[in-house]
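Single-structure report; data block below.
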Amino acid sequence: MVDATGDAVSKKYSFETALDLTGFGKYNIIMLSTCCFTILAMYMDIFGFSILMPPIACDISLDNAQQGLLSAVPLMGVMFSSYVWGLAADTIGRRKTLLIAMPIGFLFNIAASMAPGYTSLAILKFFSATFTSSANAAAFVLLGESVSSKNRSRFMFIMASATMSSQLLICLFALPVYKLTFHYEISWLNVDYRPWRLLMQIISLPAVIGILNLLILKESPKFLLSKGKNYEALAVLQTIFKWNTGLEKNEYPVTHVYLDDEIVVKEGGTSLLLKIWNQTAPLFKPPLLKNSIILYYLLLCAYMTCTGFSMWVPTMTNEFFMGEDTSGRSFCEVSSRSAVNHQTASRDCDHIIQPLTFYAVMCYSAMATCLGIVISFIVGPLGKKFTTLMVFVIAIVCGILLLFSKIPLLSIGLFFFFLYVALILGNVNTYLVELNPTHLRGMATCLSVVVARGFAFISVQLIANLLANHCTAMMSGFIALNISGLLVAAFLPPDPKRNRSQH
């Protein structure tokens, strides 16, 4: 908590100093939990399909190519809508963007749970992901601009960890739901209501929690300042101060606040394409060009690896728990059979996933969440650049060992740690907030989604087509990709000394 001093009343403060003077407390915690729920809603919308896909594929008879395309449909929705949400977050506001888009995404997700077939399910999931993806554009920036610099990196990592916990929560719901065997015919919808449809509805609920919490929170004060709304920004800072300290608003020692960035006020009468261009082009011109290329390439490496394989984690892992002896076989020798078995085997659609698979995926997700939280505490003393390099090195080593391991549980563990390269997300989002001016941050964050989800879409399709017959070569290619990411990460800007001394 920051002590307010009476002799500072008449002073004019920079935004960062004014934000630091709001202290740390209830408002920050509620903002963190709210942004976690909104980003969790997006990730459960996307990655829920990884748990839902086996029973869906069995129920509506999908081949491997159709599964790959359907798994990637939410990624397409995220990719195609990111520019719009980036523009919205930078023009109408971070909070307002979320309040408009998230309820619509929730409704589309509920509609998708009742889709009668492959085509309708794909279309509805495309639109649900299109709207829930607004969380990536606005939630990270809203959080980063509402918490003091001392706690910003930690909060960003905790929020990134929430994204990693999506599959854990889905599995916690899936375990009891998939034990059910009900089957209700809804003739007027031409739908067989099975457990997987119920699960899809349950995992839509985080969006509702996030929406309700947003109603009691305020817009980013930094966004308001960037639009020249100084009075409104000061009012938000006073509210944060009151919530955090328990003191009255008039005890907040700041009466004037200014923004170091150039103030850019929204201009009227400009076409949508020109607005998008004006928000995007500066990111790829000096002095922002170098950092933009580095950060977006790191996202490409991490998300092609993590997101691509995460969509297949339950399917690939399930092969280790089908009752056959897998000792003495490499990871690729076992997991590649999943691509063949899904096309040839006839199974009970309600029990196609083995319970041990759920526990394995829960361990994968829980460990990712725990590691993210651990990194959130060490990123201060070690620095963002060092922790980013460290994550890449550990992932690469695990990937190389995975090629030679023939011990089933060790292979699964190494595979999971290879995918933990996604833990760089917290650092990359912090860099995007810190290295870009306020009026470009929403677009910078959304462009990161275009890069991440666009190449993740490609990755999902590559895995679908190569898993059965070229698994080892495919894994080697992903390892090489991450080695290139490690080399590029070496060119990240150095950490300020103050970050290394904070705890």
Side-chain angles (χ1 to χ4, degrees), residues 15-16 82-83 85-87 89-90 94 136-145 149 152-157 159-160 220 222-223 226 259-262 264 276-306 375 379-380 382-393 421-455 481-500 502:
F15 172 76
E16 288 295 343
S82 291
Y83 264 113
W85 300 131
L87 182 63
D90 283 339
R94 299 30 166 144
N136 207 96
F140 273 107
V141 182
L142 177 61
L143 178 65
E145 294 178 345
S149 57
R152 187 172 296 137
S153 291
R154 182 175 300 173
F155 270 39
M156 286 297 200
F157 258 104
M159 188 171 169
S220 158
K222 195 164 192 178
F223 168 80
S226 74
L259 193 62
D260 291 328
D261 297 337
E262 177 187 359
V264 178
I276 291 176
W277 172 257
N278 290 338
Q279 290 295 110
T280 306
L283 296 171
F284 296 97
K285 294 178 181 179
L288 304 178
L289 174 62
K290 176 186 173 183
N291 289 330
S292 292
I293 292 175
I294 292 173
L295 294 175
Y296 293 137
Y297 187 75
L298 296 184
L299 286 171
L300 181 156
C301 297
Y303 276 89
M304 279 199 76
T305 304
C306 177
I375 292 177
V379 67
L382 296 182
K384 295 188 293 295
K385 182 175 181 178
F386 181 85
T387 52
T388 300
L389 294 171
M390 178 182 69
V391 169
F392 267 114
V393 169
V421 69
L423 289 169
I424 69 167
L425 174 63
N427 274 341
V428 172
N429 277 290
T430 304
Y431 277 122
L432 287 171
V433 169
E434 292 182 348
L435 299 179
N436 290 302
T438 304
H439 67 282
L440 296 176
R441 287 175 181 172
M443 185 58 73
T445 304
C446 264
L447 187 56
S448 74
V449 179
V450 174
V451 173
R453 304 310 174 195
F455 282 94
L481 178 67
N482 281 279
I483 291 174
S484 71
L486 173 64
L487 296 176
V488 171
F491 293 95
L492 284 167
D495 294 296
K497 290 183 179 180
R498 65 181 181 87
N499 286 348
R500 294 179 183 276
Q502 287 174 357

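- Contact check for L300 versus L481: side-chain heavy atoms found under the 4.5 Å cut-off.
- A distance of 7.5 Å separates OG of S448 from OH of Y303, quoted to the nearest 0.5 Å.
- For the pair S220 and L142, the tightest heavy-atom approach, listed with the atom from each and the gap, is N-CD1, 3.6 Å.
- Of all non-hydrogen atoms in F140 and M156, the two that sit nearest each other are O-CE, 3.2 Å.
- With rounding to the nearest 0.5 angstrom, the CG atom of L492 is 9.0 Å from the NZ atom of K290.
- Contact between L389 and A489 at its shortest, heavy atoms only, is CD2-CB, 3.6 Å.
- For the pairing with I424, the side-chain contact (heavy atoms from CB on, under 4.5 Å) check across T387, L295, N429, T388 returns one residue only, T388.
- R94 and A138 make their closest contact through O-CB, 3.4 Å (heavy atoms, listed as atom of the first residue, atom of the second, distance).
- The minimum heavy-atom distance between I294 and F491, with the atom names listed, is CD1-O, 3.2 Å.
- Considering I483, L298, I293 as possible partners of V488, the one that fulfils the side-chain contact (heavy atoms from CB on, under 4.5 Å) test is L298.
- Within a 6.0 Å radius of CZ in F155, other residues, nucleotides and ligands contribute more than 12 heavy atoms.
- Atom CD1 of residue I375 and atom CG of residue L425 lie 11.0 Å apart, to the nearest 0.5 angstrom.
- Using modelled atom types, no side-chain atom of T280 and backbone atom of W277 make a donor-acceptor pair closer than 3.5 Å.
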Next on the checklist: Working note: L259 + S226, criterion side-chain contact (heavy atoms from CB on, under 4.5 Å); need CA distance, chi angles, decisive distance, verdict.
Outcome noted: CA-CA 7 Å; L259 193 62; S226 74; 4.0 Å; yes
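- Between the NZ atom of K385 and the OH atom of Y431 there is a distance of 7.5 Å, given to the nearest 0.5 Å.
- Atom-to-atom distance recorded for N291:CG and E434:CD is 11.5 Å, nearest 0.5 angstrom.
- Of all the heavy atoms in L288 and L435, the pair that sits closest is CD2-O, 3.5 Å.
- With sequence neighbours excluded, the residues forming a side-chain contact (heavy atoms from CB on, under 4.5 Å) with V421 are A302, T305, F392, A395, N482, listed by chain and number.
- Looking at Y296 and L432, their side chains come closer than 4.5 Å, going by heavy atoms from C-beta outward.
- Between K384 and D495 there is a salt bridge, since at least one side-chain N of the basic residue sits less than 4.0 Å from a carboxylate O of the acidic one.
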